[in-house]
Amino acid sequence: MSDVIKLLPDSVANQIAAGEVIQRPASVIKELVENAVDAGATHVQIILKDAGRTLIQIIDDGVGMSETDARLAFERHSTSKIRSAEDLFSLKTMGFRGEALASIAAISQVELRTRRQDAQLGTRLIINASQCESQEPDMCPVGSNFMIKNIFFNVPARRKFLKSNQVELSNIVKEFEKLALVNNEVEFTLIHNGNMMYKLMKGTFRQRITSLMGNSLDQQLLPVTIDTSLVRVQGYVGKPENARKRNALQFMFVNERYMRHPYFHKAVMTAYEQLIPEGEQPNYFLKFTVDPQSIDVNIHPTKTEIKFEDEMPIWQILAAGIKETLGRFSEVPSIDFNTQDAPEIPAYSGHVEVHRPEIEVDPSYNPFKAHQGSGQRQQASGHHASTSPMSNWDELFANFERKKREGMAQQDLGQENVADNAVTQDPVLPMGEMQSVYLQLKGRYILSPAKSGLMVIDQHRAHVRILFNRYIDNIHAGSMSSQTILFPEVLHLSAAQSVTLQGLLPEMEQMGFGLSPLSGNDWSLNALPAGVDGVDASPMIHQIIASVEEGGMPLKKRLMEHLALTVARSAAIPVGRTLKQEEMEVLLADLLRLPEPNYTPDGKTIINVIPMDQISKMF
C-alpha cells in the first residue's frame with residue numbers, strides 16, 4: 001500500500017492559515033496598520049474601494065524595508081520582531097508571528113512599494129496568490145505602500161460569505177476605532193471611494209476619544225488613574241447617567257494592544273452596581289500597563305484574548321479604582337442644616353386630641369358605584385343628602401348584597417350562553433370559545449376562560465405578531481404611510497452606525513421612516529411609520545442598526561421582514577403595562593384573525609392553553 005500522507009504545498013498551507021488570520025477586509029487593515037505602527041510610523045493613510053473588496057491601500061511613513069526584507073516578509077513565519085521563544089514573554093510590538101503578510105498574499109493580489117531612509121531607491125514587489133511575479137527598483141518615498149487588490153479572488157467560497165459593502169465597511173470602521181484609540185500619537189486618515197471619512201491628528205487620549213466618538217462625549221467622561229506595582233490603569237469611564245442599553249462604547253487595551261476581557265468587564269460592572277439600571281452598560285476607555293512577562297497574548301490568532309498572570313488582584317484593583325473615581329466625581333446634593341429662619345416644627349407631646357364629627361350618610365348611596373378618584377359622593381337622582389346620623393347601615397349592606405347576587409347570576413347566565421356556542425379548537429381558539437372576561441397577570445399575560453381550559457396569552461408577543469403582519473401587508477400593498485414629526489429628533493451615531501444606516505436608507509424609507517444626514521455622523525429623524533405613536537424613536541433606530549450589523553445584510557425581502565420585526569418589537573405593548581378590558585378584547589380579536597396567531601415571526605410562543613384535566617389535578 002502506498003503512502004497516503006503528503007506535505008501540503010505552501011500555497012495551500014498559506015490559504016489554510018489565512019482562514020484563521022484574515023477573516024474579512026477589516027482583518028487585513030488590522031494587520032497592516034499594526035505593522036505600520038511597529039515600524040514607527042507617525043502618519044498612516046488607509047484608502048478603500050468597495051469596502052475593501054476591490055482595494056485596500058495602507059500608506060505609512062515608517063522605516064520601510066530593503067529589497068531582501070520586502071521579499072522575505074511574505075514568507076510564512078518570517079519576522080523581525082522576535083528571535084527566540086523567550087521573546088514571546090517580553091513582547092513590545094503588535095505583531096510577532098510572521099503570518100499576516102503570508103496569509104494576505106495567499107488570498108489576494110499584492111503590490112508593495114517600500115524604501116528605507118538610507119536608500120536612494122526603493123523596491124516594487126508584485127505577488128499574486130503567494131506567487132512572486134516581479135520585483136524591481138522603484139522611486140518611492142520612505143516608508144511602505146501596500147495595495148491589496150481583490151481579496152479572496154482565488155477562494156470563491158470565502159468571498160461569497162462576505163457581507164454587503166455597508167456591513168463590511170462598518171466592521172472596518174470598528175477595527176479602525178480600536179487602532180486609532182490606542183495609537184493616539186499617530187495621525188490617521190481613512191478614505192472610502194474617494195470620500196474622506198476620518199482625518200485624525202495626534203493628541204491626547206481624551207482628544208482622540210472625542211475625535212472618534214463625538215464631542216458630546218467629552219462632558220460624560222470621568223478620568224481614571226490607578227498606579228500599583230501590579231498594574232497601571234489610565235483612561236476614562238462614563239458617568240452613570242450616560243449608560244446605554246445598546247452600543248455602549250467599551251474599550252480595553254493592555255500594553256497598547258486592544259483586548260476583550262469578560263473578567264475585567266465584570267469588575268467594571270461591579271463598580272457601577274446600584275448606580276445604573278439593570279440591562280444598561282457604561283462607557284469606558286481603559287489602558288492597562290503591565291509587565292509583558294505577566295501576560296500571554298499568544299492564545300488566539302487575532303491576539304485579542306489576553307491571559308493575565310494576576311487576574312484576581314487586578315480585578316480587585318480595577319473595581320476599587322473605578323468605584324473611587326465614581327465616588328470622587330459624583331454630584332450628590334448636600335443637606336442644608338442651617339436652621340436660621342426655619343419654620344418651627346412642633347414636637348410630639350404624647351397626647352393627641354381626636355375630634356370625631358358626626359357623619360351623614362345617604363341611605364341610597366352605594367360606595368361601590370362611586371367614580372374612582374372622586375372625593376365626593378354620588379347622589380341618586382331626585383334625592384338630597386340625609387341630615388340624620390348614621391343609622392341605616394343594615395339597609396345599605398342589604399342593598400349591596402342584593403346587587404351582588406344579581407350580578408353573579410347574570411355572569412353565570414352569560415357564561416352558560418358562551419359555553420353553549422363554543423367550538424373546541426386547540427391551541428388556537430376562535431373568538432366564539434373565548435369569553436368576554438379577561439384578567440391581566442403581572443402586566444404581562446392575559447387570562448381568559450375557555451371551554452377546554454384556561455387560555456394564557458403573552459400580550460407583548462401578541463402585539464408584535466399583529467404589528468408585524470400589518471407592516472408586511474402594507475409594504476406589499478405599497479401603502480406604508482408615515483407621519484411627520486413636529487420637532488425632528490437628532491440621532492447621534494458612531495461612524496460605523498452611520499455607514500450601516502446609509503445602506504439601509506431605501507428600505508427604511510419604504511418602511512415609513514424619514515431620515516436625512518446632518519454634519520458628521522448625526523442624522524435627523526423627520527418621520528416615523530404610521531401607528532408607532534408614543535415610541536422612543538432613537539432606541540428603535542439603534543436597535544435596527546445593531547440587529548443588521550449582528551445578522552449581516554440579508555436579501556431585500558428578508559431585510560424588509562427584519563426591519564418590520566424590529567419596528568414591531570419596539571412599538572408593541574411593553575411588559576408591565578396595564579390594559580383595560582376593551583384593550584384586551586381588541587388585542588385578542590386582532591390576534592385571532594391572523595393566519596398564524598400561535599407564534600411570533602421569530603418562533604416564540606404567544607398562546608398557551610392549560611387543559612381542564614390539568615387544572616383538576618391541581619386540586
Side-chain angles (χ1 to χ4, degrees), residues 29 33 37 41-46 169-192 195-226 233-254 256-259 265 268 272 276 280-289 321-322 325-326 328-331 489-502 517-524 538 541-542 545-546:
I29 292 172
V33 171
V37 172
T42 59
H43 183 273
V44 177
Q45 186 175 14
I46 304 170
L169 183 58
S170 175
N171 287 319
I172 289 172
V173 171
K174 290 177 182 177
E175 197 64 53
F176 176 81
E177 289 173 348
K178 300 170 189 174
L179 294 165
L181 276 173
V182 72
N183 298 294
N184 51 281
E185 293 297 324
V186 179
E187 296 180 12
F188 285 94
T189 305
L190 177 62
I191 300 172
H192 179 247
N195 298 319
M196 178 83 69
M197 294 186 65
Y198 285 102
K199 186 172 180 59
L200 305 175
M201 308 305 293
K202 65 179 181 179
T204 64
F205 188 35
R206 187 171 192 140
Q207 289 171 338
R208 181 55 57 88
I209 292 171
T210 55
S211 297
L212 278 168
M213 308 301 175
N215 293 328
S216 60
L217 199 65
D218 188 46
Q219 303 300 320
Q220 306 174 14
L221 300 178
L222 303 177
V224 176
T225 302
I226 304 171
V233 182
Q234 285 189 314
Y236 301 91
V237 295
K239 294 180 180 179
E241 60 265 29
N242 299 121
R244 307 180 179 188
K245 288 186 177 181
R246 282 182 170 271
N247 305 305
L249 305 173
Q250 299 176 338
F251 297 88
M252 284 187 182
F253 307 92
V254 57
E256 307 302 317
R257 183 191 304 276
Y258 173 77
M259 69 171 177
H265 170 76
V268 177
Y272 278 87
I276 60 177
E280 294 192 358
Q281 297 278 330
N283 300 323
Y284 58 75
F285 306 83
L286 300 173
K287 286 185 175 183
F288 295 70
T289 304
I322 295 179
T325 294
L326 294 173
R328 187 169 71 249
F329 291 96
S330 62
E331 299 176 0
E489 183 174 352
V490 177
L491 303 174
H492 302 286
L493 305 179
S494 68
Q497 293 171 329
S498 182
V499 168
T500 303
L501 184 58
Q502 182 72 43
L518 302 175
S519 61
N521 297 314
D522 293 342
W523 289 74
S524 174
S538 181
I541 300 295
H542 280 84
I545 295 172

Subject >> Check against side chain to side chain contact (heavy atoms under 4.5 Å, CB included), V33 and F188 >> reply: CA-CA 10 Å; V33 171; F188 285 94; 3.8 Å; yes

Reported [atom1]-to-[atom2] distance for the pair [X] and [Y], which is rounded to 0.5 angstrom:
X: N195; Y: L190; atom1: CG; atom2: CG; value: 10.5 Å
X: L221; Y: T210; atom1: CG; atom2: OG1; value: 8.0 Å
X: L493; Y: D522; atom1: CG; atom2: CG; value: 7.5 Å
X: S211; Y: D218; atom1: OG; atom2: CG; value: 10.0 Å

Are the side chains of [Y] and [X] in contact, using a 4.5 Å heavy-atom criterion?
X: E177; Y: M213; result: yes
X: L249; Y: R244; result: yes
X: Q234; Y: P223; result: no
X: L179; Y: V37; result: no
X: V237; Y: Y272; result: yes
X: Y198; Y: L212; result: yes
X: E256; Y: K287; result: yes
X: V268; Y: M252; result: yes

Subject >> Ring centroid separation F285 to F251 under 6.0 Å >> reply: yes

Heavy-atom closest pair, residues [X] and [Y]:
X: N184; Y: F205; result: ND2-N, 3.7 Å
X: I226; Y: G321; result: CD1-CA, 3.6 Å
X: Q220; Y: N283; result: OE1-ND2, 4.1 Å
X: G238; Y: L326; result: O-CD2, 4.3 Å
X: K178; Y: F253; result: O-CE2, 3.5 Å
X: I276; Y: A243; result: CG2-CB, 3.8 Å

Please confirm whether the backbone N or O of [Y] pairs with a side-chain atom of [X], one donor and one acceptor, at under 3.5 Å?
X: K239; Y: Q219; result: yes
X: E187; Y: T42; result: no
X: R208; Y: V182; result: no

**OP:** Kindly determine whether I46 and I172 satisfy side chain to side chain contact (heavy atoms under 4.5 Å, CB included), including the steps that lead there.
**Re:** CA-CA 11 Å; I46 304 170; I172 289 172; 5.8 Å; no

Original post:
Which is it for Q497 and V173 under the side chain to side chain contact (heavy atoms under 4.5 Å, CB included) test, yes or no, and what are the steps along the way?
Top reply: CA-CA 9 Å; Q497 293 171 329; V173 171; over 6 Å; no

Subject >> Qualifying residue for side-chain contact (heavy atoms from CB on, under 4.5 Å) with W523, from L518, L501, V490 >> reply: L501

